[in-house]
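For reference, the structure is listed below as structure tokens.
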Amino acid sequence: MAFHAANQPSGQRHVSRHAFAVVLGWIGLILHILVGFLYLAAGLVAPLYGILFFWAAWIALTVLAVHLLQRRPVWTLVVPVAAALILFGGIAIGGELLGWRA
């Protein structure tokens, strides 16, 4: 396998590496959409103002994910992690400080 890759022109290796990065970027975007379902379920715990905050954050992260998909696709994998941290951290803080309960 390494022998085959070594015999390829550098342009072909760059294209295949970029294609792999784009695939990873799309996986990150799909994972972000799946985390969006958790954002919909946040309405069971958070009041309306909390839900609006979470939705605004998710939409902003979606815009960031699309931007990253075009510029640096591998970094799109960070977006669903950040979205989950914002959601779960926000619900935990809301529960402790603001008394949000299911």
Side-chain angles (χ1 to χ4, degrees):
M1 180 84 173
F3 178 76
H4 177 68
N7 290 333
Q8 288 181 344
S10 64
Q12 287 178 342
R13 279 185 292 199
H14 178 69
V15 169
S16 65
R17 192 175 305 142
H18 179 70
F20 182 68
V22 170
V23 168
L24 288 177
W26 277 102
I27 290 171
L29 192 59
I30 290 167
L31 290 173
H32 179 63
I33 291 169
L34 292 176
V35 171
F37 288 111
L38 297 175
Y39 274 71
L40 291 174
L44 298 172
V45 177
L48 181 60
Y49 66 88
I51 296 167
L52 293 176
F53 168 76
F54 290 135
W55 286 350
W58 188 83
I59 290 170
L61 286 170
T62 303
V63 170
L64 176 64
V66 170
H67 176 76
L68 287 172
L69 186 62
Q70 296 169 353
R71 305 282 191 279
R72 301 202 181 265
V74 174
W75 282 95
T76 307
L77 291 169
V78 175
V79 174
V81 174
L85 290 174
I86 289 170
L87 179 64
F88 293 122
I91 288 175
I93 291 170
E96 285 296 318
L97 300 179
L98 304 173
W100 297 353
R101 300 286 178 248

Please determine whether residues [X] and [Y] belong to a single hydrophobic cluster, defined as Ile, Leu, Val, Met, Phe, Trp and Tyr linked transitively by side-chain heavy-atom distances below 4.5 Å.
X	Y	value
Leu38	Leu61	yes
Trp100	Leu97	yes
Ile27	Val66	no
Ile30	Val81	no
Leu64	Leu29	no

Between [atom1] of [X] and [atom2] of [Y], what distance do you get to the nearest 0.5 Å?
X	Y	atom1	atom2	value
Thr76	Arg71	OG1	CZ	11.5 Å
Leu69	Thr62	CG	OG1	12.0 Å
Phe88	Ile93	CZ	CD1	13.5 Å
Trp55	Leu40	CH2	CG	6.5 Å

Does [X] reach the side chain of [Y], with side-chain heavy atoms less than 4.5 Å apart?
X	Y	result
Val45	Arg101	no
Val74	Leu68	no
Trp26	Val23	no

Pro73 to Ala21 - nearest heavy-atom pair and separation
CB-O, 3.3 Å
Mind listing the closest non-hydrogen atom pair of Val35 and Ala83 along with its distance?
CG1-CB, 3.9 Å
Determine, stepwise, if the pair Leu98 / Tyr49 fulfils side chain to side chain contact (heavy atoms under 4.5 Å, CB included).
CA-CA 12 Å; Leu98 304 173; Tyr49 66 88; 3.8 Å; yes
In terms of the angle between their ring planes, are His32 and Trp58 parallel, tilted or perpendicular, with boundaries placed at 30° and 60°?
parallel
Tell me which one of Ile51, Ile86, Ile59 satisfies side-chain contact (heavy atoms from CB on, under 4.5 Å) with Tyr39.
Ile86
